[in-house]
Amino acid sequence: MTGGQNGGPPRFKLTTPLEPPYIATARMFAASLARQFDLPEDTIEDLKLAMSEACARAVATGGKDGRLDVAAERRGDRLVFEVVQGSGSLAEGGEVATDSMEAALHLELIGALFDDAESVAGPDGAQVIRFSAA
Amino acid sequence: MTGGQNGGPPRFKLTTPLEPPYIATARMFAASLARQFDLPEDTIEDLKLAMSEACARAVATGGKDGRLDVAAERRGDRLVFEVVQGSGSLAEGGEVATDSMEAALHLELIGALFDDAESVAGPDGAQVIRFSAA
Amino acid sequence: MTESLFVEPKERGSWTVVDVKGEIDLDTAPQLKAVLGDAIKGGAINIAVNLEGVEFLDSSGLGVLIGSLKRCKEAGGMLALVSPRRPIRKVLSITGLDKVIPIHDTVEEATSA
Amino acid sequence: MTESLFVEPKERGSWTVVDVKGEIDLDTAPQLKAVLGDAIKGGAINIAVNLEGVEFLDSSGLGVLIGSLKRCKEAGGMLALVSPRRPIRKVLSITGLDKVIPIHDTVEEATSA
Ligand SMILES: Nc1ncnc2c1ncn2[C@@H]1O[C@H](COP(=O)(O)OP(=O)(O)O)[C@@H](O)[C@H]1O
Ligand SMILES: Nc1ncnc2c1ncn2[C@@H]1O[C@H](COP(=O)(O)OP(=O)(O)O)[C@@H](O)[C@H]1O
């Protein structure tokens with residue numbers, strides 16, 4: 001997801017420390033943008049859940065540079081979200097103990113909520129979870 | 001306000017297109033962080049108002065690179081916010097017509113709400129409105 | 001817009017009551033301006049703006065209220081506010097607008113003034 | 001934490017009712033885990049988790065509920081959920097947990113089961 005003044009439409013970004021309290025901030029970020037784009041309330045709830053799972057997984061995989069990085073962009077009639085993941089294995093889990101069932105659930109839930117959900121390599125090599133809603 | 005992994009405590013950043021709908025997103029960003037830091041509800045309301053005024057002024061002054069840039073950081077027991085301003089005069093106002101009374105009110109209100117409110121030159125030359133709460 | 005700003009003018013004797021909801025900022029203030037402007041164009045001279053459902057209001061909203069107050073006064077009428085929440089009372093007080101625009105606790109009180 | 005997660009266990013016959021409020025995620029799930037764990041350590045074997053006041057719940061919360069269900073069952077008891085909101089019903093259904101954990105509309109229904 002590139003963009004901004006010189007590369008396509010303006011994009012949205014949120015950065016916080018990679019810590020559990022700010023997962024709520026990321027949910028609010030997603031919900032706020034979704035409201036601006038007039039997405040239905042049910043879809044907003046799905047986005048909050050997918051965002052929460054993607055952020056929990058970012059924490060569990062160690063994230064990148066100690067930051068939780070979330071981006072969003074409008075593409076046509078869709079609102080696309082991206083959450084930067086770490087390269088740590090879920091089993092390692094950093095400081096935050098993540099039970100293996102929960103770890104598996106993160107991606108499963110995101111995929112169940114959004115058909116186009118994918119885990120891709122971002123421009124700088126970091127793994128990114130991407131999903132979109134309309 | 002510098003920081004991050006290599007320069008002090010982790011910081012918070014929000015970037016959106018420089019457009020009125022996303023002022024609400026900036027307010028919720030401020031409110032969400034303030035809640036995580038356990039600030040009192042009255043202070044959270046003051047922060048929302050100051051943030052809204054600083055963002056409205058960013059829009060009125062043309063902002064920077066078409067983006068609304070908000071940062072926050074914890075410094076000791078205070079939560080510090082910064083909102084990047086444009087170099088445009090308020091009278092010009094870009095596309096968004098800003099009545100002159102309102103324009104004067106932005107800074108006046110922020111100053112009335114937060115004693116330490118200031119308008120300073122940021123590291124890259126951009127003007128920044130800064131205020132903090134505890 | 002953030003919250004749908006539902007606005008519904010209704011008549012109460014010589015007063016027009018406008019119920020406002022949601023958050024009023026640079027983005028949504030133009031909607032409030034349009035509704036109050038339409039009411040004034042439609043002949044309303046005494047307008048009670050019911051802020052009970054307003055969760056947020058900044059200087060953009062104050063600008064609309066002041067502008068509409070002016071137009072009501074020019075027409076020989078008045079503009080009053082009803083039941084602003086605490087944070088909104090505070091911004092009205094900081095700016096001194098609470099001395100310029102009457103504030104009432106209920107619509108009844110405002111429209112029987 | 002985002003929303004204060006107010007949790008208050010109370011007795012209803014052979015059931016312990018735990019009222020939960022706020023948002024349950026990776027940040028706040030440990031609090032829920034602690035409260036349910038304390039109830040179980042205190043002798044509760046049948047626990048009704050009242051989710052009526054819960055605005056959000058993700059897999060971190062589901063993990064706590066499943067873990068607590070297991071512990072209740074091991075003690076010869078049961079764990080039931082009361083009045084989850086629609087989005088929470090959805091996540092329970094997506095994960096198939098609605099087939100594993102009984103869901104009731106009211107505390108009365110849950111505790112008289
Ligand atoms: N991906 C995006 N993210 C955020 N804002 C966008 C995005 N794309 C467009 N916008 C904003 O929405 C407004 C309208 O967008 P655009 O699609 O270019 O025109 P229109 O919706 O009128 O066809 C513009 O002001 C633009 O800044
Ligand atoms: N400016 C800041 N912004 C956001 N989070 C911070 C900031 N400073 C510290 N933190 C986070 O808060 C936690 C505790 O911060 P710190 O002040 O270093 O320790 P403590 O509060 O235990 O004295 C750390 O995990 C750190 O990442």
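Numbers restart at 1 for each chain; the letters A, B, ... are given by sequence-line order, proteins then strands. Being a predicted model, the structure only gives us computed values, none of them experimental. Values below: all heavy atoms of this structure, side chains included; hydrogens, waters and symmetry mates excluded.
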### Message
Can you give me the closest heavy-atom contact between A:A24 and B:S32, atom names plus distance?
### Response
C-OG, 4.3 Å

### Query
Considering all heavy atoms of both residues, which atom of B:M28 and which atom of A:T25 are nearest to each other, and what is their separation?
CE-O, 4.5 Å

### Message
If I take atom NZ from residue B:K13 and atom CZ from residue A:R67, how far apart are they, to the nearest 0.5 angstrom?
### Response
9.0 Å

### Message
Does any part of the side chain of A:Y22, heavy atoms only, come nearer than 4.5 Å to the side chain of B:L33, both counted from C-beta?
### Response
yes

